[in-house]
2 protein chains.
Amino acid sequence: MRIVKEAAERKNEILDAAEELFAARGYEETSTGDILDRVGIARGTLYYHFRSKEEILDALIGRLNRTMIARAEKAAGDRDVPVVERIIRTILCMNPETGGFPVGHEVMEQVHKPQNALMHQKMQQGLLDGVVPVITRLVEEGNAQGIFHTGYPRETTEMLVLYSGAAFDSRLGGEPEQEARRVKAFIHNTELLLGAESGSLEAPMARLFPQVK
Amino acid sequence: MRIVKEAAERKNEILDAAEELFAARGYEETSTGDILDRVGIARGTLYYHFRSKEEILDALIGRLNRTMIARAEKAAGDRDVPVVERIIRTILCMNPETGGFPVGHEVMEQVHKPQNALMHQKMQQGLLDGVVPVITRLVEEGNAQGIFHTGYPRETTEMLVLYSGAAFDSRLGGEPEQEARRVKAFIHNTELLLGAESGSLEAPMARLFPQVK
DNA sequence: CTCAACCGACAGGTTGTCGGTCGATACGCA
DNA sequence: TGCGTATCGACCGACAACCTGTCGGTTGAG
């Protein structure tokens with residue numbers, strides 16, 4: 001006897017299953033059949049709710065991105081916290097480890113494997129589109145307060161987000177030693193780019209990122 | 001009657017066909033059957049020379065990357081040219097349009113489509129691994145000459161390469177107006193990061209990149 | 001004669017389609 | 001109010017079409 005549910009609910013069930021499977025095996029290695037089995041529905045039902053396998057991926061990434069951007073906006077909007085610290089917190093929202101991720105911790109691990117290039121690219125694009133504007137506003141706020149001095153808030157933010165993204169992935173490679181050095185370089189270069197006072201980022205960074213030393 | 005060729009030659013024929021097809025339709029949209037037909041060989045022959053479809057992609061990207069890195073190293077080693085200009089020329093080697101690409105102009109266009117995420121990722125990784133060390137050496141040379149002053153040559157180079165890569169792709173989006181602004185920001189921020197004298201990059205850049213104004 | 005290079009049928013698996021079925025809800029009517 | 005029935009969204013599963021990789025067997029150059 002078959003169970004009928006509201007479309008929105010079924011869709012979410014499918015996305016839940018897809019999330020677990022993609023997290024465990026990756027996108028390419030998961031077949032629509034696997035999703036079918038896990039949800040307990042028939043082939044036709046899946047394609048009643050989604051046009052294609054890729055549309056499932058898009059929907060899932062949209063769901064993940066939405067929660068992350070919400071976190072980022074919350075971190076960015078906390079008026080009680082100084083701007084520098086808010087920027088760091090917002091950037092950390094993008095990182096699965098430091099971000100205290102709501103869901104999809106395992107998804108993020110999969111995302112970094114080369115097998116899941118499509119997933120990775122779509123997530124990163126979502127990040128760029130979603131987070132860059134938020135941080136840009138913070139940078140402009142810092143400019144207005146006179147603690148930053150950059151003529152290119154948007155573009156500078158893009159640079160910072162891209163770099164931190166690549167560093168969080170293992171795309172840049174290197175030993176732990178090199179990674180630590182990368183963090184120091186990131187802090188130093190961020191100060192340069194934003195025109196912030198030398199050392200003004202180090203203190204808040206150390207507070208939020210204790211392992212940096 | 002069947003034609004027998006040396007393995008290396010056949011392999012190159014297969015890569016040639018793959019290059020054209022990937023350029024026209026992308027990696028995922030090209031089947032091994034398409035490659036078979038174009039080369040005029042049988043299924044078994046293809047898999048005699050390559051273990052899998054993905055190995056074909058890897059070999060092709062390796063071929064493309066090798067030629068590009070050769071160009072980059074040539075540009076970087078030209079002792080008659082000032083360091084700043086060599087850096088710019090080397091970075092431009094990565095760009096299909098400004099780089100006077102040897103082959104694969106169309107490949108690069110495909111690479112930017114989201115469908116070809118795997119291709120894109122593998123190429124970018126090759127770039128990072130291949131070009132970053134070359135430019136890092138140039139930055140260190142500039143440090144030694146006293147025209148740059150950065151404590152993080154490697155990491156700063158990574159930032160610059162990542163950003164220019166993303167800007168060359170359309171990952172950052174935006175109107176032509178915004179893109180022009182991005183180029184200006186790139187020049188300005190590069191000066192900041194390298195600790196170069198303000199304006200010292202603008203002149204060589206304008207010479208090599210006339211459309212910037 | 002030997003072996004690298006080649007062949008093509010075939011197994012196994014995948015995505016997406018399509019005609020048809022089921023069940024909740026609304027509706028007509030007594 | 002109670003009861004057939006019409007409707008339509010949700011669901012089903014067989015199936016077509018395709019795709020990758022394998023394998024035993026063949027060929028021709030040296």
Side-chain angles (χ1 to χ4, degrees), chain A residues 1-61 110 113-119 122, chain B residues 1-61 110 113-119 122:
Chain A
M1 174 192 171
R2 69 184 183 182
I3 302 161
V4 177
K5 299 190 178 177
E6 210 177 328
E9 189 182 347
R10 234 327 100 84
K11 266 190 160 179
N12 268 321
E13 280 183 18
I14 293 172
L15 291 185
D16 291 342
E19 180 169 342
E20 291 177 44
L21 290 166
F22 292 172
R25 293 177 228 172
Y27 174 70
E28 310 277 0
E29 297 308 312
T30 301
S31 75
T32 53
D34 295 334
I35 300 176
L36 263 41
D37 292 346
R38 182 161 263 253
V39 183
I41 55 174
R43 189 134 268 277
T45 306
L46 186 80
Y47 282 90
Y48 175 77
H49 292 286
F50 295 95
R51 253 197 229 64
S52 67
K53 186 186 171 189
E54 186 167 346
E55 194 177 284
I56 297 175
L57 178 62
D58 289 338
L60 175 59
I61 288 178
Q110 274 294 332
K113 297 187 187 170
Q115 276 70 16
N116 300 313
L118 183 59
M119 209 153 93
K122 292 192 181 218
Chain B
M1 172 193 170
R2 71 183 181 184
I3 302 163
V4 177
K5 299 190 178 176
E6 211 178 327
E9 187 182 349
R10 233 328 99 84
K11 265 190 161 180
N12 268 320
E13 280 182 18
I14 293 171
L15 291 184
D16 291 341
E19 181 168 341
E20 292 177 44
L21 289 166
F22 292 172
R25 294 177 228 170
Y27 173 70
E28 309 277 0
E29 298 308 313
T30 300
S31 76
T32 52
D34 296 333
I35 300 176
L36 266 37
D37 293 345
R38 181 162 266 253
V39 183
I41 54 175
R43 188 138 272 274
T45 306
L46 185 82
Y47 281 89
Y48 174 76
H49 292 286
F50 294 94
R51 250 196 231 77
S52 67
K53 185 186 172 189
E54 186 166 348
E55 195 177 281
I56 297 175
L57 178 63
D58 289 337
L60 175 59
I61 287 178
Q110 274 294 331
K113 297 187 186 169
Q115 273 65 22
N116 300 315
L118 183 59
M119 208 153 95
K122 292 193 180 219

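A note on names: the letters A, B, ... follow the listed sequences, proteins ahead of strands, and every chain is numbered from 1. Quick caveat: nothing in here was measured; it's all calculated off a predicted structure.
If you measure from atom CG of B:Leu36 to atom C1' of D:dC19, you get 12 Å, rounded to the nearest angstrom. Put simply, CD1 on B:Ile35 is 15 Å from P on C:dC7, counting in whole angstrom units. Between A:Ile3 atom CD1 and D:dC12 atom C1' the separation is 13 Å, expressed in whole Å. Rounded to an integer number of Å, the gap from A:Glu9 CD to D:dG9 P is 18 Å. Between the CD atom of B:Glu6 and the P atom of D:dG28 there is a distance of 19 Å, given to the nearest Å. In this structure, NZ of B:Lys5 is placed 15 Å from P of D:dG30, rounded to the nearest angstrom. Residue A:Leu57 contributes atom CG, which lies 17 Å from atom C1' of C:dG16 at whole-angstrom precision. Taking atom NZ on B:Lys11 and atom P on C:dC6, their separation rounds to 12 Å, with Å as the unit.
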Open item on the list: Protein within reach of the bases, or only the backbone? For nucleotides 20-25 of chain D, mark each nucleotide 5' to 3' as B, S or -, using heavy atoms under 4.0 Å.
Closed with: BBBB--
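When the side-chain nitrogen and oxygen atoms of A:Thr45 are compared with OP1 and OP2 of D:dC12, one or more of them lie within a distance under 4.0 Å. The side chain of A:His49 places an N or O atom within less than 4.0 Å of a non-bridging phosphate oxygen (OP1 or OP2) of D:dC11.
Listed by chain and number, the residues in a side-chain contact (heavy atoms from CB on, under 4.5 Å) with A:Asp58 are A:Glu54, A:Lys122 (sequence neighbours excluded). Annotation: side-chain contact (heavy atoms from CB on, under 4.5 Å) contacts of A:Asp16 (sequence neighbours excluded): A:Arg63. Every side-chain contact (heavy atoms from CB on, under 4.5 Å) that A:Lys11 has, sequence neighbours left out, goes to A:His49, A:Phe50. Evaluation of the side-chain contact (heavy atoms from CB on, under 4.5 Å) rule for B:Arg51 yields B:Glu55 as partners, not counting sequence neighbours.
If you check D:dC11, C:dC6, C:dG8 against the side chain of B:Ala42, the one that comes closest is C:dG8. With distances taken from any side-chain atom of A:Tyr48 to the nucleotides D:dG9, D:dC12, C:dA4, the minimum falls on D:dG9.
For the pair A:Glu28 and B:Leu118, the minimum side-chain heavy-atom distance is 4.5 Å or more. Residues A:Phe22 and A:Leu57 form a side-chain contact, since some pair of their non-hydrogen atoms from C-beta on lies under 4.5 Å apart.
Within the nucleic acid shown, A:Leu46 has no heavy atom closer than 4.0 Å to any nucleic acid atom.
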Show every donor-acceptor pair shorter than 3.5 Å between a side-chain atom in residues 36-43 of chain A and any protein atom, with sequence neighbours excluded, or say none if there are none.
unit_1  : atom_1 : unit_2  : atom_2 : d
A:Arg38 : NH1    : A:Glu20 : OE1    : 2.1
A:Arg43 : NH2    : A:Thr32 : OG1    : 2.4

